[in-house]
Number of protein chains: 2
Amino acid sequence: MTSNLATNLTAGRLDRARTVLAAQGVDALLLTPGAELRYLTGYDALPLERLTCLVLPVTGDAHLVVPKLERPRADESPAAGLGIAIVDWPETADPNALVASLLNSALGAAPSRIAVADRMWAIHSLALGAALAPATLTPAGPVLRELRMRKDPAELAALRDAAAAIDRVHDRVPQGLQAGRSESEVGRDIAEAIIAEGHVAVNFVIVAGGPNGASPHHDTGERVLQQGDLVVVDIGGTNAAGYCSDSTRTYALGDPGAEALAMYAVLQRAQEASCNSVRPGVTAEGIDAAARDVIAAAGYGDFFVHRTGHGIGLDEHEEPYIVSGNADPVDAGMTFSIEPGIYLPGRFGARIEDIVAVTGDGVERLNRSTRDLVVLD
Amino acid sequence: MTSNLATNLTAGRLDRARTVLAAQGVDALLLTPGAELRYLTGYDALPLERLTCLVLPVTGDAHLVVPKLERPRADESPAAGLGIAIVDWPETADPNALVASLLNSALGAAPSRIAVADRMWAIHSLALGAALAPATLTPAGPVLRELRMRKDPAELAALRDAAAAIDRVHDRVPQGLQAGRSESEVGRDIAEAIIAEGHVAVNFVIVAGGPNGASPHHDTGERVLQQGDLVVVDIGGTNAAGYCSDSTRTYALGDPGAEALAMYAVLQRAQEASCNSVRPGVTAEGIDAAARDVIAAAGYGDFFVHRTGHGIGLDEHEEPYIVSGNADPVDAGMTFSIEPGIYLPGRFGARIEDIVAVTGDGVERLNRSTRDLVVLD
């Protein structure tokens with residue numbers, strides 16, 4: 001089932017990638033396991049010290065180089081149905097020389113510019129760079145961004161599925177969020193719920209109570225939650241199709257006080273304004289400004305210390321980035337987070353995050369759980 | 001609590017790393033989030049597109065470069081107590097130039113040879129390489145292997161904790177392993193149990209039944225388990241201290257037949273022989289041969305298609321590798337898997353995997369759940 005879906009998803013993508021390679025003057029794409037490999041071939045392989053690598057030259061045959069022990073897994077994968085020849089290497093061979101030889105044969109000459117997976121491990125990029133010297137390596141992101149940023153209907157369905165799963169986790173958060181429990185205890189319950197509600201992996205669980213909420217990427221720890229705390233809960237996972245969820249809600253353990261309530265009201269207006277600003281043609285930095293302006297006008301401008309959002313898909317963070325300086329317009333099919341936050345150092349913080357999809361004429365919010373402050377008794 | 005443990009763990013490691021840098025003629029170490037950063041500083045940071053990087057020159061001040069929004073997390077981390085200056089960069093700045101400038105200042109000259117984290121993402125290694133040109137980048141693994149391979153008592157305790165947690169998961173596997181359920185359904189239960197029994201992350205869940213068991217890295221899928229199947233269950237996670245578990249057991253759904261039982265008996269003897277061969281001074285390839293010889297003598301040599309094991313610690317796969325061609329002797333404190341397998345293509349397979357630690361005069365098996373074939377009614 002997963003394999004058929006993936007084959008549908010990937011039909012035509014290899015050809016489009018080659019068109020972009022040619023247009024950008026890149027001789028080949030080398031992709032180790034990760035989102036780009038899965039996007040182009042449907043192959044969901046483990047990132048390991050043993051080299052697995054898609055070798056996609058701008059012309060000539062494509063190959064998937066795999067360790068011998070992963071040959072059966074590769075043969076069963078959608079990659080095998082896409083006209084990609086699978087080549088395995090035994091445990092004590094040099095796979096980097098194999099990649100170089102396949103590339104030289106396909107191109108009929110040594111390549112000079114090669115794009116590698118954005119997250120390729122250095123042990124692989126350095127070894128491949130040495131085997132292919134003097135070719136220049138460049139990240140694959142700019143090559144594949146035009147393909148990957150605009151999600152097709154099957155990808156949008158997979159992202160809706162992931163969003164609904166994380167919404168169900170947020171619906172369960174109040175059950176375990178109590179004064180007297182540590183962030184870690186609450187975080188473990190949430191991690192279990194992330195799997196139980198329809199993900200195959202837990203990507204991150206941030207539970208940040210009281211002053212810890214003022215640290216946007218707080219490391220969920222041993223602090224015990226207190227009555228009156230604001231608690232930022234930012235969670236995400238990956239579903240069976242490979243797509244990511246990511247949603248933040250802020251909870252209060254009893255009455256958090258008038259100042260926190262006033263701050264939260266500003267944040268909620270900012271997040272709403274930013275979501276409402278989304279439609280095809282608006283710039284990424286315009287969507288950032290829509291949130292930032294509301295927060296700055298209320299006097300909290302210095303306390304919103306990060307960009308408003310990031311793209312999401314097979315990667316939890318990908319293009320487009322919703323940040324000052326990104327003047328690219330967004331377009332139908334793009335999916336990204338809108339997650340302004342306000343952080344008062346040493347005191348408390350709050351963040352609201354939805355994943356949204358740009359539609360033909362506006363925006364669809366994929367997360368639906370309440371954005372009101374959830375005040376628990 | 002975690003922080004104090006980490007500070008104890010890391011005291012002195014930075015100095016030892018500098019000693020190795022000097023001995024190997026490496027000017028600096030650049031570590032993005034991952035096992036090496038956690039090993040040297042205790043800082044458990046998220047690998048992200050925003051650069052976080054330890055800048056450790058062979059002489060001069062060490063710095064931890066972090067995104068501004070992660071400043072509070074870095075300040076709270078054990079790194080802050082180790083004399084490492086923390087420097088943050090705002091959302092729209094260039095952190096690679098910052099790293100180059102810090103290195104040049106510390107060394108009083110441009111570096112010529114720099115070791116980078118083995119798993120540093122290509123977007124970072126390529127950008128850092130450009131900012132530091134014409135310096136040569138090399139993987140940090142060979143620099144840090146002599147430190148990381150020999151675990152200290154706190155690390156051994158953390159690995160015992162992880163092993164006991166995954167043993168408890170194997171103890172629960174029979175509850176959900178039934179003919180009529182799919183590998184995916186069983187795998188989801190196991191993923192939940194991995195978190196519930198004391199891990200903070202699920203690293204992998206392989207449930208490979210019947211013919212799928214002949215694929216060592218099978219992708220747990222939609223096949224429904226059948227009465228008579230052998231089922232290979234290879235699972236692992238990471239505990240709160242950052243250390244990994246990894247254990248494989250093979251189960252049978254009812255009587256798997258005489259041939260499978262005979263094959264399993266050979267495998268069990270091979271795994272036992274390999275474990276029993278471990279003591280300080282024995283070579284890694286000798287430990288591999290101890291398993292391989294038993295399997296080959298029984299006529300299954302062509303069906304054991306992978307190395308016998310891999311080191312384990314903060315990384316799920318690290319040195320030493322227990323493989324033909326690795327003539328390095330093992331030494332007290334080293335920890336690795338012993339996981340021979342026999343795979344009959346299209347029919348069935350089996351694997352038995354324990355994590356072991358080399359002691360002063362022999363071996364300690366960290367996994368204790370039964371290695372007998374678990375036959376379920």
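A quick note: this is a predicted structure, and the numbers were derived from the prediction, not measured.
- When each of A:L137, A:T32, A:D44 is checked for heavy-atom pairs under 4.5 Å with chain B, A:L137 comes out on top.
- With respect to the salt-bridge test (charged N to carboxylate O, under 4.0 angstrom), the residues B:E91 and A:R292 do not qualify.
- Neither the backbone nor the side chain of A:H310 has a heavy atom closer than 4.5 Å to any heavy atom of chain B.
- Neither the backbone nor the side chain of B:N203 comes within contact range of chain A, judged by heavy atoms closer than 4.5 Å.
- Both the backbone and the side chain of B:A196 come within less than 4.5 Å of a heavy atom of chain A.
- In this structure the side chain of A:I195 never reaches within 4.5 angstrom of the side chain of B:I194, judged on heavy atoms.
- Closest of all the heavy-atom pairs between B:S215 and A:R73 is OG-N, 3.7 Å.
- Residue B:A214 comes nearest to A:P72 through the heavy atom pair O-CG, 4.4 Å, listed as atom of the first residue, atom of the second, then distance.
- Taking every heavy atom of both residues into account, B:A117 and A:A122 meet most closely at O-CB, 3.3 Å.
- The distance from atom CG of B:L69 to atom CZ of A:R307, rounded to the nearest 0.5 Å, is 8.0 Å.
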Walk me through it: do A:V116 and B:L126 pass the test side-chain contact (heavy atoms from CB on, under 4.5 Å)?
-> CA-CA 10 Å; A:V116 301; B:L126 293 172; 4.1 Å; yes
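- Taking chain B as the reference chain and counting heavy-atom pairs below 4.5 Å, the highest number among A:E316, A:K68, A:H218, A:R188 is found for A:R188.
- Within the 4.5 angstrom heavy-atom criterion, only backbone atoms of B:T138 (N, CA, C, O) approach chain A.
- In this structure, A:R119 and B:I123 have side chains that are not in contact, with every pair of non-hydrogen atoms separated by 4.5 Å or more.
- Counting heavy-atom pairs under 4.5 Å between each of B:P345, B:P139, B:P216, B:A193 and chain A puts B:P216 at the top.
- Contacts between B:H124 and chain A at a heavy-atom distance below 4.5 Å are absent for every atom of the residue.
- Only the side chain of A:E49 comes within less than 4.5 Å of a heavy atom in chain B; its backbone stays farther off.
- Top candidate by heavy-atom pairs under 4.5 Å with chain A, chosen from B:N212, B:D219, B:V323, is B:D219.
- Between B:R71 and A:V305 there is no side-chain heavy-atom pair separated by less than 4.5 Å.
- Interface remark: B:R50 contributes side-chain atoms only to the contact with chain A (heavy atom separation under 4.5 Å).
- Looking at B:Y343, there are no atoms closer than 4.5 Å to chain A (heavy atoms on both sides), in backbone or side chain.
- From A:M120, atom CE reaches atom CE of B:M120 across 15.0 Å, with rounding to the nearest 0.5 Å.
- For the pair A:E70 (side chain) and B:H217 (backbone), a donor-acceptor distance under 3.5 Å is absent.
- No part of A:D189 comes within reach of chain B, as not one of its non-hydrogen atoms sits under 4.5 angstrom from that chain.
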